[in-house]
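Owing to the predicted nature of the structure, the values given are computational and were not obtained by experimental measurement. In the text below, chain A, chain B and the rest are named by the order of the sequence lines, each starting its count at 1.
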Amino acid sequence: MLSQQNRLKKYSAFIATYKLKNIAADNIMCIYFGKEKTSSDAAVKFAFVVSKKIHKRAVVRNRIKRLMRESIRLILKENSIQNINNYMSVICVAKPSSVNADFYQIDSSIKRLISSKVL
RNA sequence: GAGAGUAUCUGAACAAUCACGUAUAAGCAAUUAUAUGAGGAAAGUCCGGACACCUAAGGGCAGAACGACGGAUAACAUCCGCCUGGGGCGACCCAAGGACAAGUGCCGCAGAAAAGUAAACAACCGUAUAAACGGUUCAGGUGCAACGGUAGUGUAAAAGACUACAGGGGAUAUCGUAAGAUAUCUGCCGGGUAAACUCCGUUCGGGUGCAAGAUUGAAUAAAAGGUUAAGGUGACCCGCCGUCUUUUGAAAAUCGCAAAGAACUGCAAGGUAACUUUCAGUCAAGACAGAUGAUUGUUUUAAAACAGAAUCCGGCUUACGGGAUACUCUCUUUU
RNA sequence: GCCUCUGUAGCUCAGCUGGAUAGAGCGCCUCCGUCCUAAGGAGGGCGUCGCACGUUCGAGUCGUGUCAGGGGUA
């Protein structure tokens, strides 16, 4: 789990991020990027969405969410990708093929999508 | 040794690094330290409650649920014991298991006839060719089912008309708290269906469900309508409430709610058992974009099954890996 | 979390209340028709009535359980 300051909580923030339609996607997931940061002080806020349509069982959905969270956590800790600090909010939405993916697939997918994103 | 039956248990452990929820302590604070953090089904939401609110919540009647008998329980459609019926060689398992002899409905096709003490056609017997009349429905045939069954007596031919055997119903006696069991007597023999309407008995019978609801925000708040019959409650009726009714009242926070109860664990006593009681001990997840994770190593043969708490309890049902334990049954072999 | 509804042919539905032939429209296939196609005409159904168990002589229909899908409620 991410620390409190890195979580996206407000319903209005979700709506705002979705409306921008600033998307990067592959066959495992789909990432929505929010507005550009005006000041560099505030932390980036993340959210993770796994729909009930992807899998029926809650255990599988929780597993995907936790793997995505862990990947983001490691990125923030190592500060490996500078690109990520440009945005106010990031939402990761899983796709149905992510059911069979392991941690390394999800991790590489997230790293590729974020680092290749150009403003 | 093999194959079965019943009941119960288990549902990986340890270490390292990084991270999250909650509580406590320290600190102005950032934060740090310590403790602790999913299940046997947390699931389905199928029953039963606790609890909360709705001005008022009373009576009747619809209605709903249950259905052998006795008990357990806060309650239940649950559980225990037992009876009856059915299945299995057996251990054992299964059962919505009241009433069709109160009334009504339904029973296709076939068949004389599907419930009406019933023969139109048909068949058998007699008067003795036939016709007609009288007796009968035994046999034959239909159908899931034919107004009781099998064998005999009897008769022109037949019929519980009579006898024996087994079955059902009823009565009496004994045993059992009871369902019921056993014995004797009795020609009484009335088709099936109530998971058809219905009747009988028992229980419930105002509704909504924690997104219930309370407080802060938030203030003798604002606007509209109504004026003694509109409105509210309610499936419906009676009744009741009644000067008020309706609408708006944001985001957010605290409580409800995580601490303590129909709680869990253990011993003892009572009881066939479910369960109850006394005593001792324990406090053990709790959010609101929603915690319990990731990687690596070691161990066991392998870490793999079903599956993720959302107000809380008691059940039921369904899903499920590899094992372990106890008792019991049948068959085979050896002594 | 709570409350509800629906599963029948490839698709959309009826039949279910009230038990005894599984049907309608569209689509599909074959033939006729036409130089060819379309329209039109004739014929054709292959469905475990979501699944399982029960009640009944007999179940798409009645009862119970279960699975899947949809809708409502802040």
Side-chain angles (χ1 to χ4, degrees):
Chain A
M1 196 64 195
L2 301 174
S3 58
Q4 287 284 349
Q5 59 176 354
N6 285 328
R7 296 190 207 171
L8 184 57
K9 290 192 170 183
K10 298 244 181 188
Y11 179 70
S12 55
F14 270 81
I15 296 290
T17 309
Y18 279 132
K19 272 191 174 179
L20 278 178
K21 295 190 175 174
N22 191 2
I23 306 169
D26 63 358
N27 60 343
I28 291 181
M29 69 180 70
C30 173
I31 301 183
Y32 288 76
F33 294 95
K35 285 183 187 168
E36 286 181 52
K37 264 195 229 173
T38 49
S39 66
S40 58
D41 299 339
V44 193
K45 296 197 172 188
F46 294 93
F48 306 92
V49 176
V50 183
S51 166
K52 212 171 185 178
K53 287 176 186 171
I54 288 171
H55 205 278
K56 200 180 68 176
R57 302 207 312 252
V59 173
V60 176
R61 281 185 271 125
N62 276 342
R63 171 86 185 161
I64 296 164
K65 217 189 291 178
R66 282 164 183 162
L67 290 174
M68 292 197 296
R69 230 183 246 139
E70 181 66 17
S71 172
I72 292 287
R73 186 181 73 81
L74 290 174
I75 289 168
L76 286 174
K77 185 192 167 201
E78 296 161 7
N79 208 6
S80 55
I81 302 170
Q82 292 297 326
N83 214 356
I84 206 167
N85 289 316
N86 294 328
Y87 303 98
M88 282 177 74
S89 58
V90 174
I91 302 177
C92 302
V93 180
K95 286 188 175 181
S97 60
S98 62
V99 169
N100 296 319
D102 62 357
F103 175 72
Y104 295 107
Q105 286 174 279
I106 287 175
D107 190 44
S108 63
S109 178
I110 282 180
K111 277 176 180 165
R112 192 174 65 249
L113 286 172
I114 290 176
S115 56
S116 66
K117 183 69 182 171
V118 188
L119 281 172

### Task
Go ahead and name the base partner of B:rU177; Watson-Crick or wobble counts if both distances stay under 3.5 Å, otherwise write none.
none
### Message
Under a 3.5 Å cut-off for both contacts, is B:rC244 paired Watson-Crick or G-U wobble with anything, and if yes, with which nucleotide?
### Response
B:rG225
#### Entry: Dot-bracket encoding of pairs in RNA chain C, which uses [ ] for pseudoknotted crossings and | for another strand, Watson-Crick or G-U under 3.5 angstrom
(((((((..((((.........)))).(((((.......))))).....(((((.......)))))))))))).
### Query
Counting only Watson-Crick or G-U wobble pairs whose two distances fall under 3.5 Å, which nucleotide matches B:rC28?
none
### Task
Just jot down the side chain to side chain contact (heavy atoms under 4.5 Å, CB included) partners of A:Asp26, sequence neighbours excluded, or say none.
A:Ile28, A:Met29, A:Ser109, A:Arg112, A:Leu113
### hbond_proxy A:Arg73 side chain to B:rC20 base (donor-acceptor, 3.5 Å cutoff)
no
### Atom pair distance, as rounded to whole Å: CD in A:Glu70 and P in B:rU292
10 Å
### Euclidean distance, atom CZ of residue A:Arg61 to atom P of B:rA307 [Å, nearest integer]
12 Å
### Task
For A:Ala47 and for A:Ala58, find the nucleotide of RNA chain B with the closest heavy atom, then tell me which residue's nucleotide is more 5'.
A:Ala47
#### Entry: Watson-Crick or G-U wobble partner of B:rG261, both distances under 3.5 Å
B:rC283
### Complementary nucleotide for B:rA2 - Watson-Crick or wobble, under 3.5 Å
B:rU330
### Message
Return the pairing partner of B:rG190 with a 3.5 Å limit on both distances, Watson-Crick or G-U wobble; otherwise return none.
### Response
none
### Task
Using both distances under 3.5 Å as the test, list the Watson-Crick or G-U wobble partner of B:rG149, or none.
B:rC165
### Base paired to B:rA62 (Watson-Crick or G-U; both N/O distances under 3.5 angstrom)
none
